[in-house]
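Sequence lines set the chain letters: A, B, ... in the order given, protein chains first and strands last, and positions in each chain run from 1.
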Amino acid sequence: MKLYDTKAGELRDFKPLVAGRVSMYVCGPTVQSAPHIGHLRSALVYDLMARWFTHLGLEVQLVRNVTDIDDKVLEKADEQSVTWWELAYKNEQLFAADYRRLAIGLPSHEPRATGHIPQMITLIEKLVELGYAYGGLDGSGDMYFNTAKWSNYGELTHQKLDDMEGERSNPAKINPQDFALWKAAKFTEPESASWPSPFGSGRPGWHIECSAMAAHYLGESFDIHGGGLDLRFPHHENELAQSTAAGHSFANYWVHNGLVSVQGQKMSKSLGNSVLSSDLFDKVNDKAVRYYLASAHYRSILDYQPEATVEAAAALSRLHGFVARAARELKESRFSEFAAVELPDEFTLQMNDDLNIPGALAVIHESATAGNTDLDEQRLSQAHQRWSEVVGMLEVLGLSLDSSNRTNQEHRALDQLIQTLIAERNKAREDKNYQRADQIRDQLIEIGIELSDSTSGTHWSLN
RNA sequence: GUUUCGGUAGCCAAGUGGUAAGGCGAAGGUCUGCAAAACCUUCACGCGUCGGUUCGAUUCCGACCCGAAACUCCA
């Protein structure tokens with residue numbers, strides 16, 4: 001498999017550090033507010049990547065952190081007159097709920113920053129010991145990383161220290177580009193937001209959190225570090241600098257997902273142009289939202305267009321339609337069970353090519369078309385092959401038709417009710433009472449149930 | 001200014017040094033009592049503009065235009 005490595009600036013063959021295993025660290029959200037679809041796309045990208053690795057037979061370790069303490073969390077909590085941990089927890093739950101709805105798998109670990117303060121302190125101490133960290137020149141008690149001492153600084157984003165603007169007005173820093181490792185407690189902030197440390201009480205800087213947690217769960221070297229493109233600098237550059245300065249080899253591959261934009265502009269909390277998951281979930285079903293967010297290559301900008309979600313729903317519905325039709329029409333044959341078949345080579349090729357989901361989706365569509373034709377022509381063996389392929393491919397992408405609601409009690413009751421109406425309608429059709437037949441069909445359409453007549457009888461589906 | 005990344009049909013969106021995947025949508029057709037669904041056919045002589053390299057460029061190179069992201073708060 002090839003992956004685009006931001007640090008190398010090119011596609012690289014992916015080779016795990018330990019054969020048969022892949023370790024991934026993904027920057028999760030700062031839980032200062034509810035998720036928007038940009039956050040969800042990011043989580044989805046790494047979920048898809050993890051699923052593909054799993055399909056390839058690798059054992060995946062995925063760590064996705066939660067930043068539950070930082071300036072913004074404290075600020076927002078203050079505005080809303082709640083404690084910072086209440087705010088953080090509430091938002092963390094909103095993220096979790098959306099992840100679940102999008103069928104984004106649980107990571108192996110989902111560490112909160114506040115649960116790993118000792119590891120962060122240890123890492124800062126190490127940096128002090130090695131001469132890369134210093135206490136703020138203004139005596140504030142802040143700790144900073146000395147970027148001038150680390151000659152590789154800028155290697156992730158290919159920038160020279162001199163070209164970077166940095167924060168010129170901060171008298172606590174030796175170099176304007178230096179960044180905070182530890183922020184001393186302030187009188188204006190709640191006491192609960194500070195922890196004791198050898199540098200005085202305070203809280204960790206944003207970047208050190210990820211360095212410490214990645215090392216804690218995945219070790220000093222691991223395979224892939226992922227996150228949104230906007231985190232490349234300063235966040236990931238700083239993580240890389242402090243971790244490697246501390247002697248860790250850190251991530252072997254750096255992967256960055258493209259952002260979601262609205263009318264050509266980045267979706268962000270500060271711009272106030274956030275599209276929330278509920279905006280999509282209200283319009284189309286959960287799997288269609290997943291399909292939509294996955295439908296652009298993960299490194300491309302996804303410019304949000306409301307109609308595009310409806311298009312995604314239509315496209316996915318055709319695939320699900322084939323799966324359901326094949327299941328129905330093959331039921332009575334010797335091909336009633338779908339087989340664990342090899343996925344089409346082209347699909348594998350696309351997925352191995354830097355996770356080209358759009359290319360992979362094209363393969364699924366082609367298989368579904370071919371499968372529908374096979375069913376039309378009564379080529380059951382081929383249809384069975386196509387059906388199995390499509391089911392397998394959808395499963396890898398987490399886009400399978402949910403089967404849970406087909407087995408529950410409510411569904412059975414609904415089915416019996418509709419079957420009664422179908423029988424009445426078919427009787428009416430036999431009697432050439434088309435007015436009554438169409439009336440039944442129209443009434444069902446109105447409540448979202450679609451009937452379709454075929455040689456194998458009349459079937460219904462939720463629209 | 002510096003560093004990244006884009007500009008492909010009505011819309012979404014892949015891709016390639018050899019003549020443009022797929023989806024949505026639209027039109028026509030097959031099927032149907034009529035529909036729906038499904039299938040078939042058609043829908044970019046064109047891939048921001050202008051040059052260059054080449055037998056050949058949308059793809060490589062250069063310049064330019066437009067847009068996005070980052071530059072110490074952001075997935």
Looking across every strand, which nucleic acid part, if any, lies under 4.0 Å from [X] by heavy atom: base, sugar-phosphate, or nothing?
| X | answer |
| --- | --- |
| A/D162 | nothing |
| A/G227 | sugar-phosphate |
| A/Y25 | nothing |
| A/G28 | sugar-phosphate |
| A/I445 | nothing |
| A/H36 | base |
| A/S268 | base |
| A/Y4 | sugar-phosphate |
| A/L259 | base |

Would you say [X] reaches [N]'s phosphate, i.e. side-chain N/O to OP1/OP2 under 4.0 Å?
| X | N | result |
| --- | --- | --- |
| A/N356 | B/G15 | yes |
| A/Q159 | B/U2 | no |
| A/N372 | B/C39 | yes |
| A/T6 | B/U4 | no |
| A/S461 | B/A37 | no |
| A/K173 | B/U72 | no |

Calculate the interatomic distance between [X] atom [atom1] and [N] atom [atom2]; express it in whole Å.
| X | N | atom1 | atom2 | answer |
| --- | --- | --- | --- | --- |
| A/L11 | B/G15 | CG | C1' | 13 Å |
| A/R299 | B/A69 | CZ | P | 18 Å |
| A/K160 | B/G1 | NZ | P | 16 Å |
| A/D303 | B/A69 | CG | P | 11 Å |
| A/K266 | B/A68 | NZ | C1' | 11 Å |
| A/N257 | B/A75 | CG | P | 11 Å |
| A/E237 | B/A69 | CD | C1' | 15 Å |
| A/E377 | B/A38 | CD | C1' | 12 Å |

Rounding to the closest angstrom, what is the interatomic distance between [N] and [M] at atom [atom1]?
| N | M | atom1 | result |
| --- | --- | --- | --- |
| B/C12 | B/U19 | C1' | 24 Å |
| B/G15 | B/G56 | P | 27 Å |
| B/A21 | B/U16 | C1' | 11 Å |
| B/U49 | B/A37 | C1' | 46 Å |
| B/G10 | B/G48 | P | 14 Å |
| B/G62 | B/A70 | P | 26 Å |
| B/A75 | B/A35 | C1' | 45 Å |
| B/A20 | B/C47 | P | 12 Å |

Nucleic acid footprint by protein, nucleotides 22-34 of chain B - heavy-atom cut-off 4.0 Å, B for base, S for sugar-phosphate alone: SBS--------BB
Listed partners of A/E329 passing salt bridge (Lys or Arg N to Asp or Glu O under 4.0 Å), at least two apart: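 Expected list: A/R325.
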Which residues share a salt bridge (Lys or Arg N to Asp or Glu O under 4.0 Å) with A/E395, sequence neighbours left out: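 Residues passing salt bridge (Lys or Arg N to Asp or Glu O under 4.0 Å) with A/E395: none at all.
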Backbone of A/K266 reached by a side-chain donor or acceptor of A/N273 within 3.5 Å: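 Between the backbone of A/K266 and the side chain of A/N273 there is a qualifying donor-acceptor contact (under 3.5 Å).
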Could [X] and [Y] be called an ion pair, given the rule that one side-chain N must be under 4.0 Å from one carboxylate O?
| X | Y | answer |
| --- | --- | --- |
| A/R425 | A/D453 | yes |
| A/R112 | A/E92 | yes |
| A/K173 | A/D178 | no |
| A/D47 | A/R290 | yes |

Side-chain touch A/V63/A/P107, heavy atoms, less than 4.5 angstrom: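 The answer is no, as the side chains (C-beta and beyond) never meet within the 4.5 Å cut-off.
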Listed partners of A/H297 passing ring-ring contact (aromatic ring centres under 6.0 Å, His included), at least two apart: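 Once residues adjacent in sequence are excluded, A/H297 has no partner under the ring-ring contact (aromatic ring centres under 6.0 Å, His included) criterion.
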Polar side chain donor-acceptor pair, A/D354 to A/Y298, under 3.5 angstrom: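 There is such a pair between these side chains.
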Distance under 6.0 Å and angle within 45° of ring axis: A/R64 vs A/Y25: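 A/R64 over A/Y25 ring: no.
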Row check, A/Y253 ring normal vs A/R12 NZ/CZ: under 6.0 Å, within 45°: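 Relative to the ring axis of A/Y253, which defines the angle, A/R12 lies inside both limits.
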Aromatic plane relationship, A/F347 with A/W52 - under 30° parallel, 30 to 60° tilted, over 60° perpendicular: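 Because their plane-to-plane angle is over 60°, the rings of A/W52 and A/F347 count as perpendicular.
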Selection: residues 175-183 of chain A, any non-hydrogen atom under 4.0 Å of RNA chain B: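 Within this stretch, A/Q177, A/F179 sit under 4.0 Å of the strand.
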Most 5' of A/Q265 and A/A360 on RNA chain B, judged by nearest nucleotide: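 Its nearest nucleotide being more 5', the pick is A/A360.
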From A/Y144, A/F179, A/W150, residue fulfilling ring pair (Phe, Tyr, Trp, His ring centres under 6.0 Å) relative to A/Y132: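 The ring pair (Phe, Tyr, Trp, His ring centres under 6.0 Å) with A/Y132 is passed solely by A/W150 among A/Y144, A/F179, A/W150.
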Nucleotide of B/A13, B/C71, B/A75 approaching A/P234 most closely (side-chain heavy atoms):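 Within the option list, the nearest is B/C71.
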Duplex segments of RNA chain B, taken as runs of at least three Watson-Crick or G-U pairs that stay under 3.5 Å: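 Stems (3+ consecutive pairs) listed as B:1-7 with B:65-71, B:10-12 with B:22-24, B:25-30 with B:38-43, B:48-52 with B:60-64.
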